[in-house]
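Index from 1, following the sequence.
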Amino acid sequence: TKMNIFDFEKLENNEEIITILEENKNIKIEKIISTGQTTDWQSSDKNEFVILIQGEAEITYLKNSEIVKLSSGDTLLIEKNKKHKVSYTSKNPHCVWICIFYK
């Protein structure tokens, strides 16, 4: 199915929009629109390859407090079971992420 990554539903303040683009037993691909949201500490039993299409963000790792700053076009591999959080996302422009989860 054809789609455009920049087609957005109406963005509500303080609401992150997650759309599953594809999912099967081997992979899950999400499009996430963030408008200033952050997360608590999290980890996954899958690798997560993220592409920040638009905006600016920061990922903080628990183990060494490393902060990775991301700008439009940047990619990052978050290895499985690595505890991290999204510690910043820009509001203007909002963040457009593609997240690919795989074993």
*Asks:* When rounded to the nearest 0.5 angstrom, what distance separates CZ in F49 from CG in L77?
*Replies:*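 Interatomic distance, F49 CZ to L77 CG, rounded to 0.5 Å: 7.0 Å.
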*Asks:* When you look at I32 and I17, which way does the side-chain contact (heavy atoms from CB on, under 4.5 Å) test go after all the steps?
*Replies:* CA-CA 6 Å; I32 301 174; I17 299 171; over 6 Å; no
*Asks:* Please confirm whether the backbone N or O of L52 pairs with a side-chain atom of D74, one donor and one acceptor, at under 3.5 Å?
*Replies:*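 No; zero donor-acceptor contacts below 3.5 Å.
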*Asks:* Just how far is it from atom NZ of K103 to atom NZ of K46, taken to the nearest 0.5 Å?
*Replies:*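 That separation rounds to 5.0 Å.
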*Asks:* Specify the closest pair of heavy atoms between Q37 and V86, including all atoms of both residues, with the distance to one decimal.
*Replies:*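 Heavy atoms of Q37 and V86 come nearest at O-CG1, 4.3 Å.
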*Asks:* To the nearest 0.5 Å, tell me how far W97 CH2 sits from L70 CG.
*Replies:*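 Nearest 0.5 Å value for the CH2-CG distance: 5.5 Å.
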*Asks:* Under a 3.5 Å distance rule, please check whether E66 uses its side chain to pair with a backbone N or O of N64 as donor and acceptor.
*Replies:*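 Checked: no pair found.
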*Asks:* Go through the side-chain N and O atoms of Q54 and S72 and say whether any donor and acceptor fall under 3.5 Å apart.
*Replies:*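 Checked: Q54/S72 side chains show no N/O donor-acceptor pair below 3.5 Å.
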*Asks:* Y61 ring centre to K83 NZ or CZ under 6.0 Å, with the angle to the axis within 45°?
*Replies:*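 No; the conditions do not both hold, so K83 does not lie above the ring face of Y61.
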*Asks:* Assess whether atom CG of N4 is packed by more than 12 heavy atoms of other residues, nucleotides or ligands within 6.0 Å.
*Replies:*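 Yes, CG of N4 has more than 12 neighbouring heavy atoms, counting only those of other groups under 6.0 Å.
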*Asks:* Going through the distances and angles, do V96 and H94 end up as a side-chain contact (heavy atoms from CB on, under 4.5 Å)?
*Replies:* CA-CA 7 Å; V96 179; H94 51 269; 4.1 Å; yes
*Asks:* Would M3 and L21 count as a side-chain contact (heavy atoms from CB on, under 4.5 Å) if you check the C-alpha gap in whole Å, the side-chain angles of each, and the deciding distance to 0.1 Å?
*Replies:* CA-CA 9 Å; M3 67 162 288; L21 304 178; 3.5 Å; yes
*Asks:* For the hydrophobic clusters of this structure (ILVMFWY residues joined by side-chain heavy atoms under 4.5 Å, transitively), does one cluster hold both I78 and V68?
*Replies:*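 They do share one cluster, since a chain of ILVMFWY contacts under 4.5 Å joins I78 to V68.
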*Asks:* Could you tell me if the side chain of T89 sits less than 4.5 Å from the side chain of T35, heavy atoms only?
*Replies:*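 Side-chain contact under 4.5 Å: no.
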*Asks:* Do the side chains of I29 and F101 get nearer than 4.5 Å, heavy atoms only?
*Replies:*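 The answer is no; the side chains never approach within 4.5 Å.
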*Asks:* Determine yes or no for a side-chain-to-main-chain donor-acceptor pair under 3.5 angstrom, with S90 supplying the side chain and P93 the backbone.
*Replies:*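 The answer is yes, because a donor-acceptor pair under 3.5 Å joins these two groups.
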*Asks:* Has the side chain of T39 got a donor or acceptor atom that lies under 3.5 Å from a matching backbone atom of K85?
*Replies:*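 The answer is no, because no donor-acceptor pair under 3.5 Å joins these two groups.
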*Asks:* Walk me through it: do Q42 and S44 pass the test side chain to side chain donor-acceptor pair (under 3.5 Å)?
*Replies:* CA-CA 7 Å; Q42 58 188 337; S44 173; over 6 Å; no
*Asks:* Report yes or no: do S87 and T60 form a side-chain donor-acceptor pair below 3.5 Å?
*Replies:*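 Distance-only check passes for S87 and T60.
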*Asks:* Enter the distance from T38:OG1 to Y88:OH here, rounded to the nearest 0.5 Å.
*Replies:*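 So the OG1 of T38 and the OH of Y88 are separated by 11.5 Å.
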*Asks:* Among the clusters formed by ILVMFWY side chains lying less than 4.5 Å apart, do I18 and I51 turn up in the same one?
*Replies:*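 Per the 4.5 Å side-chain linkage, I18 and I51 are not co-clustered.
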*Asks:* Might you point out which heavy atoms bring E48 and H84 nearest each other, and give the distance in Å?
*Replies:*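 So the minimum-distance heavy-atom pair works out to OE1-NE2, 4.0 Å.
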*Asks:* Between K28 and E30, does at least one N-O distance fall below 4.0 Å, as a salt bridge requires?
*Replies:*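 A salt bridge is present here (some side-chain N lies under 4.0 Å from a carboxylate O).
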*Asks:* Can you tell me how far CD of E23 sits from NZ of K25, rounded to the nearest 0.5 angstrom?
*Replies:*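 Taking NZ in K25 and CD in E23, the distance rounds to 13.5 Å.
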*Asks:* Check whether S43 reaches the backbone of N81 with its side chain - one donor and one acceptor, N or O, closer than 3.5 Å.
*Replies:*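 Absent.
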*Asks:* Please report the shortest heavy-atom distance between N47 and K80, naming the atom on each side.
*Replies:*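 Heavy-atom minimum between the residues: OD1-N, 3.1 Å.
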*Asks:* Counting C-beta onward and ignoring hydrogens, is there a side-chain heavy-atom pair between V50 and I98 closer than 4.5 Å?
*Replies:*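 They are not in contact (no side-chain heavy atoms under 4.5 Å apart), so the answer is no.
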